[in-house]
Structure formats: C-alpha cells, structure tokens
Amino acid sequence: MSIVVTGASGHLGRLIVTSLLDRGVPAGQIVAVGRDIDRLAGLAERGVVTQRADYDDPESLQAAFAGAEKLMFVSGSEVGRRVLQHGNVVTAAREAGVGLVVYTSIPKADTSSLVLAAEHKATEQLILDAGLPHVFLRNSWYLENYTAQLPTYLQHGVAGAANDGRVSAATRADYAEAAAVVLTTEGHTGKVYELGGAPFTLTELAAEVSRQSGNTVSYLDLPVDKYTELLVGAGLPEGYAAVLADGDRGLAQGELEVAGHDLAKLLGRTPTTLAEAVRAAL
C-alpha cells in the first residue's frame, strides 16, 4: 500500500515527500505525482515512485491513485479552475477506494470571505459529500511569501492593505512536516487543523527586517484598490494583483490569524518564527 502525494513537482508537495522520507517511510511506498515528470527526477533518484498525472485528466488520476492507502491532496494553483480540477481528484480517490484523503485548505475555509477561500470551501464539501475519510489542513500564508520579497522591502519598504491585522504565517517546510506527521501517525481522521505560526502585523514585519538588516524599512498601508494598482504597476497581472490585495483585506479582518496551536502540536515544537525566517533569507 502506498502514500500518494499530488503536486509533488511544486514546492510544498516536494517538501511533503521529503518529510515522509525523513520520517522513515520507505521510498518505494511513496508515489510522487505531478504534471511534469521531469521535475520529479530528483525524487525518483531517491527511490520514490513517480507518476505523471494532471488534475484536468481524470484517467491519469485514476491510474496514479490505484492501490493508494492514503492520498496527500495538495490543492491546485489555477485559481478559478480548482473546483472542477479538485472534483476530478475527489472522484478518482473515491473510485480508487483511498483510505484517507489529507487536503491542504485555507484558514477558516467554511466561513472566510477571502476570494481564495471559496474554492477551498467547495473542495472540502466535495470530499465530505464523497464520504471519504479525510483530514483538512487549513494552512495560513507561507513565510516565504514575505521573505522572498526582502530585496524589494530593502529598496522600497513594505506595502500592503493589511492595516494592523495579524497573519499566522509559517514556512512551507513546517506545513510539510505537519502533513507528514498526519500521514504517518494515527488519530487524525475527521480532524480539521487550523495551521499557522506566531502571528505578526506587516508593521512588525518591516520592523524585523529593519532590525536584522540595519536599514530603515517602513510599512505603507494602502486602501485595497490602491494596493491593487501598485501591484499592477509593479508588473503583476490585474487579476492576480486583485487576489493578493484581497488577501490583505482578509488579513486586516483577522481571517489569516489562526487561533490555537495546532501546528506546534503536530510538529512537537515551536514553528519557525518570523525572525528566524528573515535571518535565514538575508
């Protein structure tokens, strides 16, 4: 029997496979699935079974899930198309008789007003309606969303539309490790985990970058529409810019601040902090 990991050619999926290996799962019992088989070559070299499958190709999903005991269902990246794509995954999982589906969702998916939350809420409902044993991992933002922008912050400062809202961001590696824990230990079926690290405001982000870099970095708070315009001016497509700005709107309203300590409990340790992530990225 195997653990199938979808999206394994992406950052999070690859880290989940690595975390499973680190936890002692035999490579031959892990099936890493992605659209681009060439991007899975590094995992194949470690003995992981690799297979091409596409969320738009139901037959490829059925072939990939055959014999799977557990499915690590990493949500797709094509915003606006994910309900249809995810429906294909759920159908294939049901037809394959998968024993557990672990799905990466978004904080407070059932109540969130974020544009990004709607497809996650719909997917969670598809899994429930299919009667599949499941775990929902409602991951907040990645710390890498911010640390990847450090050169921009140092040159132009931090901009956003988050006001003094707090975001419970954590590293991809911490989310991946938590997923691996759920996949390799008992007692998680039916659980909904709201996952994130210690919350911070974007003003606190700017202050941390200032402290560690020695440069003065400030936070500029903008109305949502003005922040969207700024992102478009920086070269982002308008639709994508609007989604990012809507994320800050939700952040301002507390929709990305996670209550409780689910991530720390799953990890058995304190998640990577903002200070640690900034230090590693500078």
ask   = What pairs meet the salt bridge (Lys or Arg N to Asp or Glu O under 4.0 Å) rule with one or both residues in residues 96-115, with sequence neighbours excluded?
value =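 Non-adjacent pairs meeting salt bridge (Lys or Arg N to Asp or Glu O under 4.0 Å): Asp110-Arg138.
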[X], [atom1]: over 12 other non-hydrogen atoms inside 6.0 angstrom:
X      : atom1 : value
Arg172 : CZ    : yes
His261 : NE2   : no
Glu59  : CD    : no
Glu238 : CD    : no

What residues form a salt bridge (Lys or Arg N to Asp or Glu O under 4.0 Å) with [X], not counting sequence neighbours?
X      : answer
Arg14  : none
Asp174 : Arg269
Glu144 : none

Minimum-distance pair of heavy atoms, taken over all atoms of Arg211 and Ala275 =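 Taking every non-hydrogen atom into account, NH2-CB, 4.1 Å.
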Find out whether [X] and [Y] are in side-chain contact, i.e. whether some heavy atom of one side chain is under 4.5 Å from a heavy atom of the other.
X      : Y      : answer
Phe136 : Leu128 : yes
Tyr146 : Leu202 : yes
Ser213 : Leu154 : yes

ask   = Run the side chain to side chain contact (heavy atoms under 4.5 Å, CB included) check on Tyr55 and Arg82 step by step: do they pass?
value = CA-CA 9 Å; Tyr55 289 173; Arg82 292 189 289 187; over 6 Å; no
query = Could you walk me through whether His86 and Phe73 pass the ring-ring contact (aromatic ring centres under 6.0 Å, His included) check?
reply = CA-CA 9 Å; His86 290 180; Phe73 178 9; 5.0 Å; yes
Pairs meeting criterion ring pair (Phe, Tyr, Trp, His ring centres under 6.0 Å) with involvement of residues 205-259, two or more places apart =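 Non-adjacent pairs meeting ring pair (Phe, Tyr, Trp, His ring centres under 6.0 Å): zero.
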Would you tabulate the side-chain donor-acceptor contacts of residues 159-169 under 3.5 Å, counting partners in other chains and residues two or more places apart, or write 'none'?
from   : atom 1 : to     : atom 2 : distance (Å)
Arg166 : NE     : Glu257 : OE2    : 3.1
Arg166 : NH2    : Glu257 : OE2    : 2.5
Ser168 : OG     : Val258 : N      : 2.8

query = Val31, Val98: one ILVMFWY side-chain cluster at the under-4.5 Å cut-off?
reply =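 Both belong to a single hydrophobic cluster.
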